[in-house]
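Working notes, beginning with the structure itself.
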There are 2 protein chains.
Amino acid sequence: MSEEGQQSISSRDLAELLGANPWQIRKDFSYFGGFGTPGVGYKVEKLAKQINKILKLDVIHKAALVGVGNLGSVVLAYPGFRIYGFDIAAAFDTDSKKIGRKINNVMIEDASNLWMLKRRKIYIAIIAVPRDTAQETADALVKAGVKGILNFSPCYITAPRKVKVITIDIAMDLARLPYYMPAS
Amino acid sequence: MSEEGQQSISSRDLAELLGANPWQIRKDFSYFGGFGTPGVGYKVEKLAKQINKILKLDVIHKAALVGVGNLGSVVLAYPGFRIYGFDIAAAFDTDSKKIGRKINNVMIEDASNLWMLKRRKIYIAIIAVPRDTAQETADALVKAGVKGILNFSPCYITAPRKVKVITIDIAMDLARLPYYMPAS
DNA sequence: CTATGTGAATTTATTCACAGCA
DNA sequence: TGCTGTGAATAAATTCACATAG
């Protein structure tokens, strides 16, 4: 909207766009202080900035990818991270055939060098390794000072409470569909 | 657990395993009738069956993949769908170089034949096409009688209310991490 | 004795309704 | 007049506590 020159938006329009209702929008924003203008609505640009601040997306985050297989390569090639302020600054693999090569301008490094992440101030990692090495990868990442992990391996991962782990299992997401579908 | 020979599990153990509390587990199950045994717990095998039934995962679901690019190929190669009873029964693409080839024993068909899905009784589809063709792909799928869509394109998709759409945007999932991470 | 299932109590979230500001 | 922000009212979810079944 900002790019399209729209100045402001009302809670009603925003609600319709999101499939919610206006009260919810206003109440939710009010919990963070309320940043609208009565009679006008929410200034689009200001709103976006506030939301980014709330979600801590107001700074560039460096992230590391571990596992440059099929899925890992897709992640490296994915252009969508930039709009949220992410920079895939490193990639790791155990396969010596891959180490040293570059994908999308990112050099693939030896996975035994994960400990260097702390020195490089990278606190976010994406795990895209086979299921049976996911936990040990996570352990290494935690040891390297990583504070947030996005896990693509289809398994639960244990980590200290202060490390946030989000697991994405595309099969599980697919499995959510039948429940909502009318009787087939 | 079933494979490991474990007969039953208590709400307490289940809660610990899931990071929840026992009351929640029991209350949730009770909403669906309650299928535990006082003094013993929940029979593992029976519980799994009940949950599959609730989630409508107690039958085999055929699914179609649209878009066999980088991400689509990963989806085709992904072994994890089977445990939830999914069968990727068809794959489509617009690229004539890909049409006719087989990946993971699935023949890639011409995307203009999507309408055949109805005849083949496939009601679930996975969209893995570029963002700018995602909506038209969804429209074609809806027209072909699809009732559930898993969308991997990073964009909102509009569909009739009776068609359930779940969108996965890996960048957005990554973007959830900073909020939970301690101040860096 | 042990662990479920469930009403009741409590907490949390959503919706309403309207005062007040641009 | 139009739309926000927010207390109050309503609805929903979670937690408790205990009767009851194996």
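Note on naming: letters A, B, ... go to the chains in the order of the sequence lines (proteins, then strands), and numbering restarts at 1 for each one.
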Next on the checklist: Just the rounded figure in Å: distance from C1' of D:dT15 to CZ of B:F29.
Outcome noted: 17 Å

Item to check | Rounded distance in Å - NZ (A:K27) to C1' (D:dT10) | outcome: 13 Å

Item to check | Residue whose closest nucleotide on DNA chain C lies nearer the 5' end, B:G33 versus A:D28 | outcome: B:G33

Checklist entry - Which two nucleotides bound the region of DNA chain C that has atoms under 4.0 Å from heavy atoms of chain A, read 5' to 3'? => result C:dT14 to C:dA22

Checklist outcome for this item: Paired with B:H61, the ring-ring contact (aromatic ring centres under 6.0 Å, His included) test is passed by just one of B:Y123, B:F86, B:F81, B:Y84, namely B:F86

Checklist entry - How bent is the helix from C:dC1-D:dG22 to C:dA22-D:dT1, comparing axes over its five end pairs at each side, to the nearest 10°? => result 10°

Next on the checklist: In this structure, how many angstroms lie between the P atom of D:dT6 and the CZ atom of A:F32, rounded?
Outcome noted: 14 Å

Checklist entry - Do you know the tightest heavy-atom contact between B:I157 and B:A134? => result CD1-O, 3.9 Å

Checklist entry - Which part of the nucleic acid, if any, lies within contact of B:Y42, taking any heavy atom under 4.0 Å across all strands shown: a base, the sugar-phosphate backbone alone, or nothing? => result sugar-phosphate

Item to check | Phosphate OP1/OP2 of D:dT14: any B:Y31 side-chain N/O under 4.0 Å | outcome: no

Checklist entry - Between the side chain of B:T94 and the main-chain N/O of B:A111, is any donor-acceptor distance below 3.5 Å? => result no

Checklist outcome for this item: Closest non-hydrogen atoms of A:I9 and A:M1, given as atom of the first, atom of the second and distance, are CD1-CE, 3.3 Å

Next on the checklist: Within this structure, what is the CZ-CG distance for the pair A:R12 and A:L17, rounded to the nearest 0.5 Å?
Outcome noted: 13.0 Å

Item to check | Atom-pair distance (CZ on A:R26; P on D:dT4), nearest Å | outcome: 6 Å

Checklist entry - Taking CG from B:N21 and C1' from D:dA17, how many angstroms apart are they, rounded to a whole number? => result 14 Å

Checklist entry - Between B:W23 and A:G41, which is nearer to the 5' end of DNA chain D once each is assigned its nearest nucleotide? => result A:G41

Item to check | Distance-only donor-acceptor check, side chains B:Y78 and A:D169, under 3.5 Å | outcome: yes

Checklist entry - Other than A:W115, what residues sit in its cluster of Ile, Leu, Val, Met, Phe, Trp and Tyr side chains whose heavy atoms are under 4.5 Å apart, directly or through others? => result A:M116

Item to check | Rounded distance in Å - CZ (A:R12) to C1' (D:dG5) | outcome: 17 Å

Next on the checklist: If I compare all heavy atoms of A:G148 with all of B:L177, which pair ends up nearest, and what's the gap?
Outcome noted: C-CD1, 3.8 Å

Item to check | N/O (side chain, B:Q24) to phosphate O (OP1/OP2, D:dT15) under 4.0 Å | outcome: yes

Checklist outcome for this item: Here the pair of heavy atoms bringing A:I122 nearest to A:K62 is CG2-O, 3.8 Å

